[in-house]
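Encoded as structure tokens, the structure appears first; notes follow it.
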Amino acid sequence: TIAGLWWKRANRAGGVAALVVGAAAYVSTQTGVIDTGLPPIVVGLGASAVAMLVGGFAGSREKREMLEQIEALHAPD
């Protein structure tokens, strides 16, 4: 969510990848399929962040109009 709101390279591909990969990593760790020795939330958040980065750089950029609307929301009044 934070990357989607503040990172200009965030896009649909990155968002979907982050959601799917993060959830899969969390569930895999929680159920014991993957044993990292770390809490499942840490594994899920890390995997989600990496997926957002990969999707953000591999996917297409958002349209200029969308970026301008988001910038308007961040600008102080």
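Note that the structure is a prediction, hence the values are computed from the model and not measured.
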Shortest non-hydrogen separation from Gly55 to Ala13 and the atoms involved: O-CB, 4.0 Å

From CE (Met52) to CG (Leu19), nearest 0.5 Å: 9.5 Å

Distance-minimising heavy-atom pair for Leu38 and Thr29: O-CG2, 4.0 Å

Distance-minimising heavy-atom pair for Arg9 and Gly56: NH2-O, 2.7 Å

OH on Tyr26 to OG1 on Thr31, rounded to 0.5 Å: 10.5 Å

Gap separating the OG atom of Ser48 from the CG atom of Leu53, nearest 0.5 angstrom: 9.5 Å

